[in-house]
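One structure is given below, encoded as structure tokens.
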Amino acid sequence: MTFRNEDLPALFHHTDQAAISRQRESTQATRAQLLLLVAAAGAAALPAAPTVASLHVFGALSVLAYAGVLAVGVRATRRRARPQWQLNRSAAEFIKSLAWRYAVHGAPFGGEADGTEAVYRTRLEKGLDELRKMGWEDPRTAGLVPEGGEITGAMHRLRGMGYQTRRETYVRDRLIEQRNWYRRKTEVSRRATSLWSWTIVLLTCLGLLFALFGAFGSGSVAGPTGLLSSAAAAAVAWNEVRRHHPLIEAHTLIEQDLAAMMVVMQTTITESQWPSAVYETERYVSPQHTDWLARHSS
């Protein structure tokens with residue numbers, strides 16, 4: 001049997017898409033602000049141009065760029081793109097994790113005791129209620145997702161399978177898939193880190209070169225130096241916003257934990273130990289665990 005993302009509840013798919021959309025919106029707003037700040041510095045660094053109706057063209061462009069920074073910031077604040085991105089991502093991963101635990105008898109849904117479905121629904125609503133308190137917008141309230149679809153047919157079918165089938169499905173379609181996802185993200189972050197590190201070095205060296213010309217030459221290089229400084233600062237800020245280096249550390253550690261757990265699940269875990277092993281694996285892949293590792297990485 002296979003169990004893919006398509007077999008998860010509709011509530012997961014909606015929150016997952018909302019998280020992707022809000023992440024894109026937040027990222028684009030930050031990128032736009034940084035580019036506008038560099039553009040404003042560039043316009044201000046240009047030599048004086050002819051005036052049009054007593055208006056300095058380059059100065060006006062600089063004013064417009066700074067105004068654009070403020071406008072983008074106000075819109076992002078009103079839209080709450082970043083908080084909603086993080087809340088929707090937490091909701092999506094919580095739903096996904098709980099659905100997997102229910103489908104493969106992970107704790108606290110191990111065994112065939114009556115009332116497991118009710119326990120699942122209670123745990124789901126309790127977790128989502130905590131996110132609602134922090135400002136998460138439940139799509140079911142607005143009628144975007146129908147009520148009652150928290151447990152899919154695929155989840156019921158997988159839960160009804162024997163232990164060996166559930167274990168093989170979980171290891172293949174959840175654990176290995178998630179481990180490969182962290183590996184891909186690590187490689188992407190490594191390439192981005194290398195690109196932005198060299199960009200920052202190049203801009204800084206060019207700024208240093210112009211500063212040396214200004215210190216030992218006779219001409220003024222304040223304009224190019226200021227522009228290069230602004231560009232380098234924007235590159236540093238973008239690299240910090242994307243958190244490439246901390247995520248490399250976090251994703252590498254989680255990938256190693258999942259690889260070790262995969263070996264244990266395939267060799268030594270017994271059926272009685274299975275519920276707690278699944279619970280521990282799901283704890284590794286939670287956004288909270290990733291964020292904690294990223295914050296405390298060296």
Side-chain angles (χ1 to χ4, degrees), residues 20-83 85-86 184-252 291 294-295 297-298:
I20 293 172
S21 175
R22 290 305 186 97
Q23 179 183 15
R24 185 182 300 114
E25 182 180 348
S26 174
T27 302
Q28 289 175 346
T30 302
R31 184 191 296 119
Q33 285 183 303
L34 293 174
L35 289 175
L36 285 170
L37 285 170
V38 174
L46 290 173
T51 60
V52 178
S54 300
L55 181 68
H56 295 280
V57 176
F58 293 153
L61 291 176
S62 182
V63 169
L64 289 175
Y66 281 121
V69 173
L70 294 175
V72 171
V74 170
R75 185 179 186 276
T77 301
R78 288 180 176 177
R79 292 273 301 167
R80 301 185 69 246
R82 188 175 185 83
W85 154 33
Q86 295 172 336
R184 291 192 300 270
K185 286 294 184 180
T186 299
E187 290 304 315
V188 170
S189 294
R190 288 188 193 280
R191 290 195 295 269
T193 298
S194 178
L195 171 64
W196 286 106
S197 295
W198 282 108
T199 299
I200 293 167
V201 169
L202 176 61
L203 291 171
T204 304
C205 288
L206 289 174
L208 175 62
L209 184 62
F210 275 99
L212 288 173
F213 285 155
F216 296 101
S218 58
S220 174
V221 294
T225 303
L227 176 59
L228 289 168
S229 297
S230 298
V236 171
W238 179 253
N239 200 32
E240 289 298 317
V241 167
R242 300 299 287 172
R243 301 199 307 168
H244 292 300
H245 183 70
L247 287 177
I248 289 173
E249 300 283 342
H251 289 166
T252 301
D291 189 62
R295 288 178 183 275
S297 62
S298 56

### Query
Which atom names give the shortest non-hydrogen contact between V69 and L36, and what distance separates them?
CG2-CB, 3.4 Å
### Message
I need the minimum non-hydrogen distance between V38 and A234, along with the two atoms involved.
### Response
CG2-CB, 3.7 Å
### Task
Rounded to the nearest 0.5 Å, what's the gap from CH2 on W238 to CG on L35? Could you check?
8.5 Å
### Query
How many angstroms lie between atom CH2 of W196 and atom CG of L203, to the nearest 0.5 angstrom?
9.0 Å
### Query
Considering all heavy atoms of both residues, which atom of A41 and which atom of L227 are nearest to each other, and what is their separation?
C-CD1, 4.2 Å
### Message
In the structure I gave you, are the side-chain heavy atoms of F58 and L61 within less than 4.5 Å of one another anywhere?
### Response
yes
### Query
What pair of heavy atoms forms the shortest contact from L34 to A237, and how long is it?
CD2-CB, 4.0 Å
### Message
Tell me whether R242 contacts the main-chain N or O of S189 through its side chain, where contact means a donor paired with an acceptor under 3.5 Å.
### Response
no
### Query
Would you say the side chain of D291 lies within less than 4.5 Å of the side chain of R243, judging by non-hydrogen atoms?
yes
### Query
About how many Å separate OG1 of T199 and CG of N239, when rounded to the nearest 0.5 Å?
9.0 Å
### Task
Taking the side chain as every heavy atom from C-beta outward, state whether K185 and L247 have any pair of such atoms under 4.5 Å apart.
no
### Task
Would you check if R190 and E187 make a side-chain contact, meaning some heavy-atom pair closer than 4.5 Å?
yes
### Query
Quick one: are E249 and P246 in side-chain contact, heavy atoms under 4.5 Å?
no
#### Entry: Distance in Å, L202 CG paired with S197 OG, rounded so as to fall on 0.5 Å steps
12.5 Å
### Task
Could you tell me whether the side chain of S62 and the main chain of A40 form a donor-acceptor pair under 3.5 Å?
yes
### CG on L206 to CZ on F210, rounded to 0.5 Å
7.0 Å
#### Entry: Side-chain touch L37/Y66, heavy atoms, less than 4.5 angstrom
yes
#### Entry: Side-chain heavy-atom pair Q23, Q28 within 4.5 angstrom cut-off
no
### Query
Ignoring hydrogens and geometry, is there a side-chain-to-backbone donor-acceptor pair from S26 to R22 under 3.5 Å?
no
### Query
Can you tell me how far the CD atom of E240 sits from the OG1 atom of T30, to the nearest 0.5 Å?
13.0 Å
